[in-house]
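The first residue in the sequence is number 1, and the count goes up from there.
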Amino acid sequence: MTVVTVPVGLGARAYNVLVGPGLLDQAGEQILPFLKSRRVAVVADASVQVLHGARLAASFAKAGIKADVITVPSGEASKSFEQLAILSDQLLALELDRGDLIVAFGGGVIGDLAGFAASIYKRGIDFVQIPTTLLAQVDSSVGGKTAIDTPRGKNLIGAFHQPRLVLADLTVLDSLSDREMRAGFAEVLKYGLLGDASFFEWLEVHTPAVLARETEALAEAVARCVAMKAEIVAEDEREAGRRALLNLGHTFGHALEAEIGFDGALLHGEAVAIGCAQAFRFSVSQGLCSGQDAERASRAIAASGLPTDIADLPGMPFRAERLVHHMAQDKKAEGGRLTFILARAIGDAFTAKDVSSAAIHDFLLTEGAVP
Ligand code: GLY
């Protein structure tokens, strides 16, 4: 099966996203044209390094590239100031200079952390993304958002720093657990829900094949998401407008994540799945969208084994007031008014800038939250 190349048209900072099987084994030759020296630092998720590090090392060796590997503990906790300081010091100890390059090798946590480190290391050094989760391949590795979390919230400290190249090797997804695969799939559904009804219809049919990691279906799904993201990022790199649509389900979802914590009890994709279903139901409650479309969105989410409702999260009595408080910390909130991505129909999302917290509070009560 061939590799699909999706260009991200950002002028002087344009780059390609390659999607296909076996790209890990071609990483050395693919990255070589971007190197001024034959040297890279690989920032690797510790578990990913155990599973796939040897393939990457062999590929660099074949291309004559010296690759030092820095491993980072798996998990959201690594997106911290502490880990950023450790990583920066490790990069400095390698005496990496601006002609060298950082390779982010892992899921969204590694891409965000290594990408942010690359954006500030000696005032900026090039980096390449090798995303190893479905979520990172279809979303976080493309578009240059990099960040760490603070105790006040997720992704609050960061920078836009575009990679020079993204290599999305579909074979590494075979090592993901079914739960992780489903969580990434929530972001895949998100693309159909926000802007492409025909892709959504395709997903309604092909969900089992994608989740079973059947190569053709998986390649089609990942490439279509990446193409849509590339087009949006090229138009609105800094999220002044249309890029915000990619946050469908995220304001609702982030509030659940903030409430539950980031210890794996609720995966980001699971929170986004509930968030997308809630965004559609809230849109219905505001007379913006038909109930049939909201039900169809929920059916597709549930059919992929993802939660659609806060009641699907056992033992969680959510307080509406606390969820609204978390939503008010969102980067998009301005002057006490909340911004949400809402929907007129499947494939037709829009940004609603002036949502009152009282309306959200009342909606959350109808969703089963307590006052
Ligand atoms: N993950 C949303 C974005 O990149 O804009």
Side-chain angles (χ1 to χ4, degrees), residues 41-51 53 68-94 96 102-133 135-136 139-163 176 179-180 183-184 187 239 247 250-251 253-272 275 322 325-333:
V42 178
V43 179
D45 176 286
S47 314
V48 169
Q49 178 60 21
V50 171
L51 288 168
D68 291 291
V69 179
I70 298 169
T71 56
V72 173
S74 305
E76 185 76 24
S78 284
K79 275 178 60 172
S80 63
F81 270 117
E82 292 75 16
Q83 195 61 50
L84 179 68
I86 293 167
L87 175 57
S88 303
D89 188 57
Q90 288 168 314
L91 293 169
L92 288 166
L94 290 176
L96 220 59
I102 291 174
V103 176
F105 185 38
V109 167
I110 292 297
D112 277 11
L113 174 71
F116 186 39
S119 80
I120 55 176
Y121 183 83
K122 299 192 176 172
R123 297 205 177 91
I125 181 173
D126 285 346
F127 85 116
V128 166
Q129 292 264 23
I130 304 186
T132 60
T133 63
L135 185 145
D139 190 34
S140 60
S141 67
V142 181
K145 279 190 182 175
T146 73
I148 56 170
D149 306 331
T150 86
R152 291 183 189 277
K154 267 182 76 136
N155 297 331
L156 292 180
I157 304 292
F160 285 96
H161 188 54
Q162 300 292 344
L176 293 184
R179 185 179 176 208
E180 267 180 304
E187 301 277 358
E239 202 171 299
N247 296 318
H250 282 63
T251 307
H254 279 164
L256 294 172
E257 285 183 279
E259 198 55 12
I260 292 178
F262 299 98
D263 59 359
L266 179 69
L267 299 181
H268 175 68
E270 294 164 345
V272 167
R322 285 189 59 83
H325 169 79
H326 291 307
M327 290 169 187
Q329 314 304 311
D330 189 88
K331 290 190 283 308
K332 298 184 292 306

Separation of [Y] [atom2] from [X] [atom1] (nearest 0.5 Å):
| X | Y | atom1 | atom2 | answer |
| --- | --- | --- | --- | --- |
| Leu84 | Ile120 | CG | CD1 | 4.5 Å |
| Ile86 | Phe81 | CD1 | CZ | 13.5 Å |
| Leu96 | Ser88 | CG | OG | 11.5 Å |
| Ile130 | Ile110 | CD1 | CD1 | 12.5 Å |

Sub-4.5 Å side-chain heavy-atom contact between His268 and Lys154: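 They are in side-chain contact.
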Minimum side-chain heavy-atom gap Ile125-Leu91 below 4.5 Å: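 When only atoms from C-beta onward are counted, Leu91 and Ile125 do not touch, as no gap falls below 4.5 Å.
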Derivation of the side chain to side chain contact (heavy atoms under 4.5 Å, CB included) call for Thr133 and Val48: CA-CA 10 Å; Thr133 63; Val48 169; over 6 Å; no
Residue pairs passing the salt bridge (charged side-chain N to carboxylate O under 4.0 Å, His left out) test where at least one lies in residues 83-92, sequence neighbours excluded: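 Output for this query is empty, none listed.
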What pair of heavy atoms forms the shortest contact from [X] to [Y], and how long is it?
| X | Y | value |
| --- | --- | --- |
| Gln162 | Gly143 | NE2-O, 2.8 Å |
| Ser80 | Ile148 | C-CD1, 3.9 Å |
| Ala136 | Pro131 | CB-CB, 3.6 Å |
| Gly111 | Gln129 | CA-OE1, 3.4 Å |
| Ala117 | Leu87 | CB-CD2, 3.8 Å |
| Ser78 | Val109 | CB-CG1, 4.1 Å |

Quick one: side-chain contact (heavy atoms from CB on, under 4.5 Å) partners of [X], sequence neighbours excluded?
| X | result |
| --- | --- |
| Ala271 | Glu257, Leu266 |
| Leu94 | Arg39, Ala41, Asp68, Ile70 |
| Leu267 | Arg179, Ala183, Glu270 |
| Val42 | Val40, Ala44, Leu56, Phe60, Ala67, Val69, Val103, Phe105 |

Contacts of type salt bridge (charged side-chain N to carboxylate O under 4.0 Å, His left out), residue Glu180, not counting sequence neighbours: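 By the salt bridge (charged side-chain N to carboxylate O under 4.0 Å, His left out) rule, Glu180 matches no residue at all.
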Listed by chain and number, what are the side-chain hydrogen bond (donor to acceptor under 3.5 Å, both in side chains) partners of [X], not counting sequence neighbours?
| X | value |
| --- | --- |
| Gln83 | none |
| Lys79 | Asp112, Asn155 |
| Gln90 | none |
| Ser74 | Asp45, Ser47 |

Partner residues of His161 under the ring pair (Phe, Tyr, Trp, His ring centres under 6.0 Å) criterion, sequence neighbours left out: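 Residues passing ring pair (Phe, Tyr, Trp, His ring centres under 6.0 Å) with His161: Phe127.
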Derivation of the side chain to side chain contact (heavy atoms under 4.5 Å, CB included) call for Leu51 and Thr132: CA-CA 11 Å; Leu51 288 168; Thr132 60; over 6 Å; no
Side chain to side chain donor-acceptor pair (under 3.5 Å) contacts touching residues 116-126 (sequence neighbours left out):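 Of all non-adjacent pairs touching residues 116-126, those that pass side chain to side chain donor-acceptor pair (under 3.5 Å) are Asp126-Arg164.
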